[in-house]
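Notes for the one structure printed next.
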Amino acid sequence: QVQLIESGGGLVQAGGSLRLSCAASGRTFSTYAMAWFRQAPGKERDFVAAITWSGDITWYANSVKGRFTISIDNAKNTMYVQMDSLKPEDTAVYYCAATHTPSVGSMRDYEYWGQGTQVTVSS
């Protein structure tokens, strides 16, 4: 079992920055990758970014590429996403996820999920 807890969400003005954290606990040693997804009201949950547990490979959705930076601190078992140049369309609940399998592009790839943290970007 892997437990995930997100933190760092909040309200920020357009153009501002926010850093989200996802603390992992449990049997994390077998984790292949962790990821961020987001879901706006009435919309599908979309892939944002992913990173291998070792931190050697990252993936980004085109909508956030160049603005968001995903990272992982293995010593703390914590994944982060630094979100810069935030836009109102970034407003969503952001979810942390983890998988034991070597596939990262879909919600179906992930076995463990956090509770979500709200990010609101005002114009």
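Computed over heavy atoms, backbone and side chain alike; hydrogens, waters and symmetry mates excluded.
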Which atom names give the shortest non-hydrogen contact between K43 and Q39, and what distance separates them?
-> O-NE2, 3.1 Å
M34-V104 co-clustered via ILVMFWY side chain contacts under 4.5 Å | no
Find the distance between CD1 (I5) and CD (Q115) and round it off to the nearest 0.5 Å.
-> 6.5 Å
Joint cluster assignment, Y95 & L18, ILVMFWY side-chain distance < 4.5 Å = no
Please report the closest heavy-atom contact between S30 and H100, naming both atoms and the distance.
-> OG-CE1, 2.7 Å
F68 vs Y94 aromatic rings, parallel, tilted or perpendicular, using cut-offs 30° and 60°?
-> tilted
With the side chain counted from C-beta on, respond yes when K87 and R67 share a heavy-atom pair under 4.5 Å apart, and no when they do not.
-> yes
Can T99 and T101 be said to form a side-chain hydrogen bond (donor to acceptor under 3.5 Å, both in side chains), step by step?
-> CA-CA 5 Å; T99 181; T101 61; 2.8 Å; yes
Identify the heavy atoms of W36 and S21 that sit nearest to each other, and give their distance.
-> CH2-O, 3.6 Å
Are V2 and I51 connected in the hydrophobic side-chain network, where two residues link if heavy atoms are under 4.5 Å apart?
-> yes
Below 4.5 Å, heavy atoms only, C-beta onward: do L20 and T117 meet side chain to side chain?
-> yes
Check whether the side chains of D84 and S17 place a donor and an acceptor atom closer than 3.5 Å, and report yes or no.
-> yes
Does T52 use its side chain to pair, donor to acceptor, with the backbone of A33 at less than 3.5 Å?
-> no
Passing option when M83 is tested against D90, V48, V121, V119 for side-chain contact (heavy atoms from CB on, under 4.5 Å) | V119
What orientation do W59 and Y32 show, parallel under 30°, tilted 30 to 60°, or perpendicular over 60°?
-> tilted
N/O donor-acceptor pair under 3.5 Å between Q118 side chain and G10 backbone = no
Could you grab the distance from atom CG of L4 to atom CG of N77, nearest 0.5 Å is fine?
-> 10.5 Å
When the aromatic ring centroids of F47 and F37 are compared, is their separation below 6.0 Å?
-> yes
For the pair D109 (side chain) and G105 (backbone), establish whether a donor and an acceptor sit closer than 3.5 Å, ignoring hydrogens and angles.
-> yes
For A14 against S123, the heavy-atom pair lying closest together = CB-CA, 4.2 Å
Within the distance-only criterion (no hydrogens, no angle test), does the side chain of E6 pair as donor or acceptor with the backbone N or O of C96 below 3.5 angstrom?
-> yes
Where the side chain of T28 meets the backbone of S25, is there a donor-acceptor pair that is under 3.5 Å apart?
-> no
Look only at the side chain of R45 and the backbone of R38, and say whether a donor-acceptor pair between them is shorter than 3.5 Å.
-> no
Is there side-chain contact between Q1 and R27, with at least one heavy-atom pair below 4.5 Å?
-> no
For Y60 against K65, the heavy-atom pair lying closest together = O-CE, 3.9 Å
